[in-house]
Amino acid sequence: MDNFVKQAQHFAALAEISGVLYDQTLRYEILQLVADMVTTIMEADVSLLYLTDERTGKLRLEVARGLAEKDLAKLHRGETLKKSGIQMVRFPLKFKDNNYGMLTVGRINRVWSENDLEVLDLLTRLVSGAINKNQFLYKMRKTYLETVKGFAMLIETRNYYAQGHSERVAALAVNLAGLLGLPEETLIDIEIAGILHDIGKIGIPEILLNKHAKLNQDEFEVIKKHPCIGASLVGSIQGLQKLVPYIQYHHERFDGSGYPDGLKGSQIPLEVQLISIADVYEALTSPRTYREALPTDEALKIIKDGSGKWFNPKLVETLETLIMAQRHKKPLAQSYPNKFSFNLSGPENHLTPREMEILALVGKGLTNKEIAQQLFIAERTVKSHLTSILRKLDLSDRTKAAIYAINQGITG
Ligand SMILES: [Fe+2]
């Protein structure tokens with residue numbers, strides 16, 4: 001290929017990658033994109049992207065292109081890759097003193113030119129900068145969340161039986177929002193609002209919050225003030241004003257029978273409805289002053305009985321999907337906290353990164369042959385991955401896997 005054309009392609013690829021890295025929070029899909037571009041544009045036979053495990057400091061292979069499964073298995077076992085005629089080059093993903101990982105690329109029986117190495121060097125700098133930015137935002141957000149959690153815990157110390165309630169509501173609401181495919185910024189708002197939803201209880205006498213007997217009507221009227229107290233408190237804090245509706249409406253009900261404003265249906269923002277359903281489910285499955293914690297099935301039945309009345313039927317279904325998936329340890333691609341954590345490969349018991357890639361492509365309607373071509377692996381390897389995916393997801397066939405991928409929003 002003409003040298004000039006090749007250089008132009010390299011710069012176009014770099015521009016595209018820098019645009020993607022600049023715009024988005026670093027996620028596993030973006031690392032895949034980087035590996036794909038290196039493979040196609042830089043004409044690499046093998047591309048390996050490693051990230052440094054924060055806990056152990058060791059490199060962990062995140063994305064691989066151009067390797068047969070047996071070679072991949074060897075790499076995962078920490079063995080070195082041996083291929084005749086391969087020329088491997090390594091570029092550390094480093095930003096100032098931080099080592100984030102390594103990009104390793106190889107060509108078989110072809111050498112790397114000076115220009116190729118310069119482009120790869122520039123590319124790894126871009127990726128390193130993006131990881132650094134992501135880490136910085138992640139740490140900032142963590143500090144912010146810790147502060148908010150500390151505040152909520154302070155309130156919860158006044159109410160013995162509610163300890164940890166806000167945090168659990170936040171986690172559940174964000175998981176549900178993740179399943180619905182809501183954007184990342186919304187997930188952050190939902191998490192903070194979930195933690196702060198009962199902040200207004202600061203204005204309610206402790207004796208009522210901890211009362212063992214059922215509240216009488218007058219006492220309940222006092223309790224009912226907490227959403228408004230919380231909303232005005234949050235509204236007075238710079239940067240938290242956008243959370244006011246979450247706090248104000250978290251006791252509204254789908255049929256309009258809630259408080260304080262009697263909003264119904266779509267008048268209640270979906271994000272707030274998520275916090276409401278998470279709040280009730282968490283409360284039912286936790287002990288209270290007047291009863292034991294209910295078993296999951298019983299709590300779910302109460303929620304389902306309230307479908308279309310207290311709760312949006314769509315959210316009831318989403319909650320049931322989540323609870324069932326947790327019970328059977330099914331992978332939920334969009335679930336929290338994986339979206340923000342730096343463990344981009346996902347928690348244990350979930351699909352492997354390779355299986356997630358294949359599932360996403362199945363969801364896009366690709367055949368095994370097309371998937372094999374796209375991932376540079378053998379067709380029979382795709383087939384064996386698919387068998388494993390179906391087993392882990394407890395699905396009977398490819399069509400159901402495709403539907404699952406689409407519903408879970410993992411087709412990209
Ligand atoms: Fe509340």
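We use all heavy atoms of the structure for the numbers below, so side chains are in, but hydrogens, waters and symmetry mates are not. Residue indices begin at 1 and follow the sequence shown. Both ligands and their constituent atoms are indexed starting at 1 by order of listing.
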Visitor: What verdict does the salt bridge (Lys or Arg N to Asp or Glu O under 4.0 Å) test give for Glu317 and Lys314, after you've listed the backbone C-alpha separation in whole Å, the side-chain angles of each residue and the deciding distance to 0.1 Å?
Guide: CA-CA 5 Å; Glu317 277 174 30; Lys314 189 182 171 193; over 6 Å; no
Visitor: Angle at the Fe ion (ligand 1) between NE2 of His251 and NE2 of His250, to 10°?
Guide: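 Answer comes to 90°, rounded to 10°.
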Visitor: Is there an N/O/S atom in Asp279 that lies less than 2.8 Å from the Fe ion (ligand 1)?
Guide: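 False for Asp279.
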Visitor: Are Glu282 and Arg168 close enough, and set up right, to give a salt bridge (Lys or Arg N to Asp or Glu O under 4.0 Å), and what steps lead you there?
Guide: CA-CA 7 Å; Glu282 204 293 318; Arg168 290 191 294 271; 2.4 Å; yes
Visitor: Which angle, to 10 degrees, forms at the Fe ion (ligand 1) with OD1 of Asp198 on one side and NE2 of His226 on the other?
Guide: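 Here the angle at the metal atom is close to 90°, to 10°.
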Visitor: How about His197: does one of its N, O or S atoms come closer than 2.8 Å to the Fe ion (ligand 1)?
Guide: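 Given the 2.8 Å cut-off, His197 does not count as a ligand of the Fe ion (ligand 1).
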Visitor: Salt bridge (Lys or Arg N to Asp or Glu O under 4.0 Å), that's the test. Do Asp305 and Lys301 meet it? Break it down for me.
Guide: CA-CA 6 Å; Asp305 287 345; Lys301 187 183 176 306; 3.1 Å; yes
Visitor: Measuring centre to centre across the rings, with the benzene-like ring taken for any Trp, is His197 within less than 6.0 Å of His226?
Guide: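 Not under 6.0 Å, so no.
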